[in-house]
Structure formats: structure tokens, C-alpha cells
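Following: one structure in C-alpha cells, then a few remarks.
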Amino acid sequence: MGLLDVLLGRSRVVGPDLDRLFALPSAAVSLEAAAGFRPTGQGAVCFATVEGAAFEQTHREIRALLDADAGRTPVELSRDSYGYSWLVTRRSPDELPLVVNDVHAVNSVMEADGFGPQLLCSLAAFRDDDGRRLALVYLYKRGTFYPFAPLPGDRQRRDNALELRVRAVLAGELPVEGDLGRWFPVWGAPGL
């Protein structure tokens with residue numbers, strides 16, 4: 001960052017650091033202790049839809065890598081109603097470290113194959129005993145996390161108070177996105 005950036009109040013955006021995903025399992029322990037949310041065993045990577053032979057090869061590579069683990073549910077590719085694509089991994093609820101490994105692998109392969117600019121976010125899903133849903137969302141381009149808590153029902157509403165409580169719980173565990181305007185809703189995300 002140069003002197004002109006300092007004088008104009010600009011700051012350098014923190015880029016992706018996929019290794020930050022590995023902090024999720026320990027953050028999940030704090031989340032369960034403080035708020036009662038436990039992992040569901042589902043994780044997903046969201047990216048701008050890509051067509052063509054190059055992406056098909058990358059998709060086959062990801063499937064071969066992750067589906068090589070015997071006894072697991074195959075990785076799924078789906079599209080949401082907004083036109084974004086999701087690669088979804090499903091594991092047992094007590095296997096959050098494996099979900100994180102899967103999500104990290106998907107991001108790494110896509111990045112290595114030149115699809116980093118299409119990566120948007122990754123998430124791990126959680127629920128509590130009352131059936132409330134929560135996702136910890138990793139913003140790929142920012143290298144930060146934020147909570148997303150949709151309210152039940154047909155209307156797209158979120159539990160902002162819960163999201164702020166979760167932010168306070170995770171402040172020392174994960175790099176939480178400080179700009180609330182970047183806490184984008186992920187309506188229709190697989191696993192939520």
C-alpha cells in the first residue's frame with residue numbers, strides 16, 4: 001500500500017487464504033458450546049457457472065479426488081435459482097474436519113485449474129436442537145467468514161440477531177468479515 005492509498009483512506013483487500021478453512025472445526029466447538037449449533041455434515045462451494053470442456057475436466061478431477069473415499073456420498077453439482085453452481089459434499093455430522101478437507105480440495109483444484117476468479121464462497125452448515133439453521137460462509141475473494149441464519153418459512157428473511165451473536169462468539173476463532181454489507185444471503189444454498 002502506498003502513501004497515496006493511506007491519504008485517500010484506501011486499504012488493501014485481504015485475498016483468499018484457503019488454509020483459514022481449517023479453523024472451522026475448532027470454531028464449531030465454540031459455536032456449539034455458546035449457541036448450541038452443531039455441524040450437519042454438509043458443506044458446499046459456490047461459483048459462477050462455468051461451461052465448457054476445461055471445466056468439465058476440472059469437475060471430473062474433483063469428483064475423482066473426493067469420490068475416491070469409499071463409503072461416502074458422491075459429490076454433487078447443482079445450480080440454484082440465481083444461476084450459481086454449487087459443488088456439495090455430504091458427510092456424517094461428526095465429520096466436520098472431512099467436510100472442511102473436501103471444501104478446501106474443491107477450492108484448491110478450481111484455483112489451480114484457473115477457475116479462481118469464478119469462486120464466490122464456501123460454507124459449512126449447522127443446526128440447533130430447535131431446528132434453526134446456520135451457515136458459516138467463507139468469502140473466497142476476501143478471506144473472511146460470516147454467519148448466515150435464514151428464518152424458517154417461505155419468505156426470504158434472516159435472523160440478524162442470531163448472526164450478530166454468532167459473530168461475537170467466533171470473533172477470536174475465525175477472521176470474521178467486518179463489513180456487514182458483505183454478509184450476503186445465500187438463499188437456496190444446498191444443505192441449509
Is there side-chain contact between [X] and [Y], with at least one heavy-atom pair below 4.5 Å?
X	Y	answer
C46	V186	no
P185	Q156	no
C121	V137	yes
S85	L77	yes

Consider only side-chain heavy atoms of I, L, V, M, F, W and Y, link residues closer than 4.5 Å, and tell whether [X] and [Y] are in one cluster.
X	Y	value
L151	L162	no
V99	L18	yes
W187	W86	yes
F47	L65	yes
F184	L180	yes

*Might you point out which heavy atoms bring L134 and A149 nearest each other, and give the distance in Å?*
CD1-CB, 4.0 Å

*Of the non-hydrogen atoms in A125 and L192, which two are nearest, and what is the gap between them?*
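Looking at all heavy atoms of both residues, the closest pair is CB-CD2, 4.4 Å.
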
_salt bridge (charged side-chain N to carboxylate O under 4.0 Å, His left out) for E163 and R157? Distances and angles first, verdict last._
CA-CA 12 Å; E163 291 174 355; R157 296 178 306 134; over 6 Å; no

*So how far is it from T144 OG1 to D179 CG, rounded to the nearest 0.5 Å?*
9.0 Å

_Separation of L119 CG from S108 OG (nearest 0.5 Å)_ =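 One finds 9.5 Å between OG of S108 and CG of L119.
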
Taking only residues two or more places apart in sequence or in another chain, which ones pass side-chain hydrogen bond (donor to acceptor under 3.5 Å, both in side chains) with [X]?
X	answer
D102	R72, T89, R91
R182	none
R133	none

In residues 167-176, what donor-acceptor pairs under 3.5 Å come from side-chain atoms, sequence neighbours left out?
{"unit_1": "E173", "atom_1": "OE2", "unit_2": "S30", "atom_2": "OG", "d": "2.9"}

*Is the number of heavy atoms from other residues, nucleotides or ligands under 6.0 Å of R155 CZ greater than 12?*
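Counting other residues, nucleotides and ligands, CZ of R155 stays at 12 neighbours or fewer.
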
_salt bridge (charged side-chain N to carboxylate O under 4.0 Å, His left out) contacts in which one or both residues fall within residues 26-49, not counting sequence neighbours_ =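 Listed by first then second residue: R38-D129.
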
*May I have all residue pairs that pass salt bridge (charged side-chain N to carboxylate O under 4.0 Å, His left out) and include part of residues 104-118, sequence neighbours excluded?*
none

*Measure the acute angle between the ring planes of W183 and Y146, then classify it against the limits of 30° and 60° as parallel, tilted or perpendicular.*
parallel

